[in-house]
Amino acid sequence: MLVHVPNVLTADEVGRIRAILEANEWVDGRVTAGDQAAKAKFNLQIPDGSPAAMEAGDIILRALGRNPTFNSAALPLRVLPPLFNRYDIGMTFDAHVDSAIRAMPHNGMRMRADVSTTVFLTPPEDYDGGELVVEDTYGSHTVKFPAGDMVVYPATSLHRVIPITRGSRWASFFWTQSMIKDDGMRTMMYDLDTAIIEIRKRLPDTEPAVVALTSHYHNLLRRWAEM
Ligand code: NI
């Protein structure tokens, strides 16, 4: 399941993050890639765990906290601090799958990456190329969203970033360990939650069918969630 979440960041937040990144040095992006991915990867990153990454990352984590769509789609247990990357002309990231296990930068605690997220920080009209292409069982999805928008997709997906031919593409990316490891089960929870939200616009919350569906959602989550 690939979910587009529009307007996660306000224009002001995008501007503040870009100002923090502009004032900092970028390093070779291969520092956070696994062995296979490192050979496919050609981009720049703000150093993992640096004060700039933490400051800009906190703006994103606060925005996630107020975003019901991200919480419904990812059912987050742990979120790794956001990282930041940049693709200038000619830069690219060939097909790869993200590493399964990640370590938190400060305490070394390990977590499983179930959900991958990209937050766009450059308006699409400012660069050519740079589309994120995600493969799933239904084919290829090509993604290029406005600055401040986010795409959430299973970390099990093969994906790539097409080479940049004009401008520079800046983005944040991070991984989430979900309370529900299995993408198919997580998708069912998201679909159910989305349907309940729609039904509640039409029927009062005291309607027995609304109570039953809401109870079913919580009891499924209780049955499937792992902490
Ligand atoms: Ni990746």
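For ligands, and for the atoms within them, numbers begin at 1 and follow the listed sequence.
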| So Asp149 and Asn7, side-chain contact (heavy atoms from CB on, under 4.5 Å) or not? Walk me through it. | CA-CA 5 Å; Asp149 284 19; Asn7 302 313; 4.1 Å; yes

| With Val161, the side-chain contact (heavy atoms from CB on, under 4.5 Å) member among Arg169, Glu131, Met91, Lys41 |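 So the option named by the test is Arg169.
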
| query | What is the number of protein N, O or S atoms that sit under 2.8 Å away from the Ni ion (ligand 1)? | reply |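 Protein heteroatoms (N, O, S) closer than 2.8 Å to the Ni ion (ligand 1) number 3.
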
| said: So, using salt bridge (charged side-chain N to carboxylate O under 4.0 Å, His left out) as the criterion, who are the partners of Asp48 when residues are at least two apart? | reply: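 Here no residue qualifies.
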
| said: Under 4.0 Å between a side-chain nitrogen and a carboxylate oxygen: does that hold for Arg16 and Asp12? | reply: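 Yes, Arg16 and Asp12 are salt-bridged.
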
| said: Any donor-acceptor pair under 3.5 Å linking the side-chain atoms of Arg160 with those of Thr92? | reply: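 Absent: no donor and acceptor within the cut-off.
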
| request: Count the heavy atoms of every other residue, nucleotide or ligand shown that sit under 6.0 Å from CZ of Arg223, and state whether that count exceeds 12. | output: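 Count not over threshold, so no.
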
